[in-house]
Amino acid sequence: MATLSHFSGVKTPCPSIFKRSVHFPQLDFVATVPFVSAPSKSVKVSCCERVQRLVCKAQATDVNRKETKNESFGEAPDELTCVMKFGGSSVASAERMREVADLILSFPEERPVIVLSAMGKTTNNLLLAGEKAQSCGVSNVSDLQELAFIKELHLRTIDELGVESSTISKHLLELEQLLNGIALMKELTPRAKDYLVSFGECMSTRIFSAYLNKLGVKARQYDAFEMGIITTDDFTNADILEATYPAVAKRLTGDWMSNPAIPIVTGFLGKGWRTCAVTTLGRGGSDLTATTIGKALGLREIQVWKDVDGVLTCDPNIYPRAETVPYLTFDEAAELAYFGAQVLHPQSMRPAREGDIPVRVKNSYNPKAPGTLIVKTRDMSKAVLTSIVLKRNVTMLDIASTRMLGQFGFLAKVFSIFEDLGISVDVVATSEVSISLTLDPSKLWSRELIQQASELDNVVEELEKIAVVKLLQNRSIISLIGNVQRSSLILEKAFHVMRTNGVNVQMISQGASKVNISLIVNDSEAEQCVRALHHSFFESDLSELVWESQSGNGYATTTTPLPTLSN
Ligand SMILES: Nc1ncnc2c1ncn2[C@@H]1O[C@H](COP(=O)(O)OP(=O)(O)O)[C@@H](O)[C@H]1O
Ligand SMILES: N[C@@H](CC(=O)OP(=O)(O)O)C(=O)O
C-alpha cells in the first residue's frame, strides 16, 4: 500500500497544457502516466492545480513512453490496481467530492476502481419520501420535504462543481414520477423500494464522474445493475451470485483495455437474476460492492474510506474514547460486522477472504491516519481483545423440552421450525433438552413491523408444540471479538466487570474456534456495560495478566480497579 503522498508544493499553474489535456482523448492519465512523487513543500493546492501539474509532468516526462506503449504498438494499458470505496459521508457535498477527487489523485501509483455510495443521507431521505408518498397518498409529491432536500443537494453540488445539470436531470425527473406512482398506488413494495433508493447512487456516481472528466481525468460511470453485479431477487437484502465475478471482470477489464478511464461504480446496487430488476445489498452494501469488484478483478487491495480512523475498539457513538484497531483478520472483521459494528457491511468480508485481498479501512476526513488493515492472518501472540460490539433490540427465546430426559431430535425439531419460517438464529446456547437463542434482527428488521410480530407469534406457537417457550425482548448482544486462546482471561475480566456493576448476564456463547464471545444482557444496561468493558480491557494494563496466564498457573489476577457503570 502506498503511503499517502499529498500533492503539495510550489504552485505550477499550467493553463495551456491543462486546456489541451481536456481535448486530448488519449490522455489516459491513470493508465500510462507515471506520476512523480510529491514535492516536499506543503502548500495546499486545489484539485484543478493538481491535475494541471499531473498533466504537465506527464507530458514533460513521459511523452515517449506513452507514444510507444499505447498508441504506436497498441499494447494493453497497465492493469487496474485497487478498489477505493467512498461512503455517503465522504461524498456528502461538493466540497467533499472535491476532497475525494484530490485524495484519489494523491495516489499516483494506483489505477483504481471507484465505488461510491449515495450523497450523505440521501438513501434515508429517499426511503422517507417513499414511505410518505405511500402512506399520505400525497397528491403533489413535489411538496415532499425529503424530495426537495434531495433535489436541492444534488443541484447545488452540480452547480458548485461546475458540471452540466443534464448529468442528473433525467434522474431527478424520473424520481419524481416514481414517487407520484407510489402515491397513486399507495403501495411501496420491496422491489419499488430498491428501485427508489437506487437513484441515490446513480446520481452521486454521475456527478462525480462528470467532475473528474471536467478536470481532465478520464472517468466512466457504471450502474452496477448494468455492469454484471448479479444478485438473488431478495429485494432490500439481496446476495451476490457467483456469476457476478466473471461478468464484472469481463466488463471492467474489457472497457479498461480498449479505452482506459477510471471506473466510477454505484455501490449498494445489483440486478436480480430472475426479475432483472434493480436490487440492493442491504444497508451499507457499498462495502460489499467494493470487495466483490476487488475479488472479481483480483486486485491488490480494497480500500473503504469512511468518516472514522478505521475499525475502532467500540462504536464511537457509545464511547468516544474508542481507539483504532490497526490489524484485523477477515474472521474478526466478519464477526464484528455481523454482530452489529456499523462500520462494515456484514457480508463484505466474504469476497475479500475468498480472493485473499487485503482490505484497508481509512478515514477520508483524515487520510494520514494509518487506518485498519484486514488480512487473512495476523500475529495473535499479544492479542487479547480486539473490539467490543453491541447489537441492540434483540429477541431471545428460552426453549425447554417438555420431555425432560434424553429426547434425541429435540434440537433438530427446534431448528427445522426456524428453517420453515425463514428466520435466522444468531447466538445459541444449548443442552440436550433446552436451548436459548437469539434471533437475527437484521433478517427480521427487513420486514414490516406487523409481519415481524406475527412471525414471532408463529415461531412461539410452533415451538410450544414441543417445548415450554419464554419470549424475551429488548435484549442486547455484547460481542467480545478477540483471541479465543485467551478466553479464560477475557471471561474472567468481563464477568468481573459485570459483577462489579451488578449486571446479570442472561446467556453466554463461545464457539471452539471462533473469535467471538457473546454475552446477552438487558438493552437498558448494554451501553453502560460496553463503556465499562472498554475501560477495563483497553484503558488498563493487560500485559501483567497476559504474562501471568501464559506463564503457567492458569490464574490471572486483576490488578487494576474495575470501573463501575456510568453514563
Ligand atoms: N467499531 C466501530 N468502528 C468504527 N466505526 C464504527 C464502529 N461501530 C460503529 N461505527 C460507526 O460506523 C460509522 C461508519 O460507518 P458508515 O456510516 O457505514 O460509513 P460510510 O457511510 O462512510 O461507509 C462511523 O461513523 C461510526 O459512527
Ligand atoms: N447508500 C446506501 C449504501 C451504503 O453503502 O451507504 P454507506 O456507504 O454510506 O454506508 C446506504 O445508505 O445504506
Side-chain angles (χ1 to χ4, degrees), residues 83-92 96 100 114-128 150 193-194 196-205 224 229 236-238 265-270 278-292 302-326 328 332-333 335-348 359 361-366 369 371-372 374 385-392 442 445-446 478-482 527 530 533-534 538:
V83 183
M84 292 184 180
K85 177 256 166 168
F86 294 91
S89 61
S90 300
V91 291
R96 292 298 302 146
V100 167
I114 308 296
V115 173
L116 297 187
S117 299
M119 293 182 71
K121 300 276 174 227
T122 299
T123 308
N124 287 353
N125 280 319
L126 285 166
L127 285 170
L128 268 173
I150 291 166
K193 234 181 216 179
D194 277 358
L196 176 66
V197 292
S198 74
F199 282 79
E201 273 72 11
C202 287
M203 292 195 290
S204 66
T205 46
I229 305 242
T236 76
N237 207 6
V265 183
T266 56
F268 184 46
L269 311 176
V278 176
T279 55
T280 62
L281 308 174
R283 295 306 303 267
S286 303
D287 295 339
L288 178 56
T289 311
T291 53
T292 300
I302 298 157
Q303 300 173 2
V304 285
W305 291 82
K306 309 254 163 190
D307 60 351
V308 276
D309 278 350
V311 176
L312 305 179
T313 44
C314 75
D315 183 343
N317 301 303
I318 297 176
Y319 194 63
R321 271 152 63 187
E323 296 154 21
T324 310
V325 180
L328 281 172
E332 287 175 301
E335 206 75 359
L336 194 134
Y338 182 75
F339 279 95
Q342 190 204 331
V343 66
L344 290 170
H345 181 277
Q347 302 298 331
S348 59
V359 176
V361 184
K362 295 273 293 175
N363 189 349
S364 69
Y365 288 78
N366 182 20
T372 299
I374 307 170
L385 202 67
T386 311
S387 191
I388 304 170
V389 184
L390 178 60
K391 203 174 201 173
R392 297 180 185 81
S442 69
W445 286 340
S446 63
I478 297 178
S479 297
L480 305 173
I481 314 291
E527 289 201 0
V530 170
L533 286 165
H534 192 282
F538 296 108

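Here the structure is a predicted model, which means the values were calculated and not measured. Every number for a ligand or one of its atoms is a count from 1 in the order of the listing.
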Distance from [atom] to nearest protein heavy atom, with residue and atom:
atom                    : answer
atom 24 (C) of ligand 1 : D307 OD1, 3.5 Å
atom 19 (O) of ligand 1 : K306 CD, 3.4 Å
atom 3 (N) of ligand 1  : L312 N, 2.9 Å
atom 26 (C) of ligand 1 : P316 CG, 3.9 Å
atom 4 (C) of ligand 1  : G310 O, 3.4 Å
atom 20 (P) of ligand 1 : G87 CA, 3.7 Å
atom 23 (O) of ligand 1 : K85 NZ, 2.7 Å
atom 21 (O) of ligand 1 : G88 N, 3.6 Å

With a cut-off of 4.0 Å, which atoms of ligand 2 are near a heavy atom of [X]?
X    : value
G88  : 7 (P), 8 (O), 9 (O)
G87  : 8 (O), 9 (O)
R283 : 11 (C), 12 (O), 13 (O)
G284 : 3 (C), 4 (C), 5 (O), 10 (O), 11 (C), 13 (O)

So is [X] touching ligand 2 or not, going by heavy atoms under 4.0 Å?
X    : answer
G267 : no
G200 : no
K121 : no
K85  : yes

What atoms of ligand 1 come closer than 4.0 angstrom to any heavy atom of [X]?
X    : answer
C314 : 1 (N), 2 (C)
S89  : 22 (O)
V311 : 3 (N)

Would you say [X] and ligand 1 have an N/O pair spaced under 3.5 Å apart?
X    : value
L336 : no
N317 : yes
S90  : no

Between V325, T372, V343, flag the one that comes closest to atom 12 (O) of ligand 1 by a heavy atom.
V343
When you compare ligand 2 with S117, is there at least one nitrogen or oxygen pair between them that comes in under 3.5 angstrom?
yes
D287 N/O under 3.5 Å from ligand 2 N/O:
no
Kindly compute the distance separating CD1 (I374) from CD1 (I302), expressed to the nearest 0.5 Å.
9.5 Å
What distance separates T123 OG1 from R283 CZ, expressed to the nearest 0.5 Å?
5.0 Å
Below 30° counts as parallel, above 60° as perpendicular, anything between as tilted: where do the rings of F86 and W305 land?
parallel
Less than 4.5 Å apart, side chain to side chain, heavy atoms only: is that true for L269 and C202?
yes
